[in-house]
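For reference, the structure discussed in these notes is given below.
Atoms considered below: every heavy atom in the structure, side chains included; atoms not considered: hydrogens, waters and symmetry mates. All of these numbers come straight from a predicted model, not from anything done at the bench.
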Amino acid sequence: AKYREISEVDDLTLSNNIMFDRRVVRGNTYAAQVVTQNATQEMERLRSENERAMKRELQRRKREAGKAPRTPPPVDGRVHMDVQTETFLEELT
């Protein structure tokens with residue numbers, strides 16, 4: 001107990017039952033995945049990279065949303081023109 005903190009010593013002396021030991025892993029450990037520090041750092045890097053990509057995509061979509069949709073240019077020999085599609089002409093006053 002020379003190098004242990006007092007709280008650790010108290011925990012060890014009071015809990016002889018392994019059901020109350022924090023170090024005991026309960027449940028099936030057959031398919032448990034051990035996450036190393038390098039894997040944790042890599043996951044954090046990928047997460048931040050993904051967040052930046054999502055921000056860029058959102059900004060691009062906002063820029064494109066402000067623009068009016070464009071029609072493709074007419075084929076050779078054809079011309080675009082405005083056409084009234086309603087059956088009656090609405091008079092604006």
How many angstroms lie between atom CG of Asp21 and atom CE of Met19, to the nearest 0.5 angstrom?
-> 11.0 Å
Could you tell me which non-hydrogen atom of Ile18 sits nearest to which non-hydrogen atom of Val24, and how far apart they are?
-> O-CG2, 3.5 Å
Side-chain donor/acceptor of His80 to backbone N/O of Thr71, under 3.5 Å | no
For Arg45, the option from Arg47, Gln41, Glu42 that meets side-chain contact (heavy atoms from CB on, under 4.5 Å) | Glu42
Got a sec, which residues hit salt bridge (charged side-chain N to carboxylate O under 4.0 Å, His left out) with Glu57, two or more places apart in sequence or on another chain?
-> Arg60, Arg61
Heavy-atom count around Glu51 CD within 6.0 Å, excluding the residue itself: above 12?
-> yes
Do Lys55 and Arg52 have side-chain heavy atoms sitting under 4.5 Å apart?
-> no
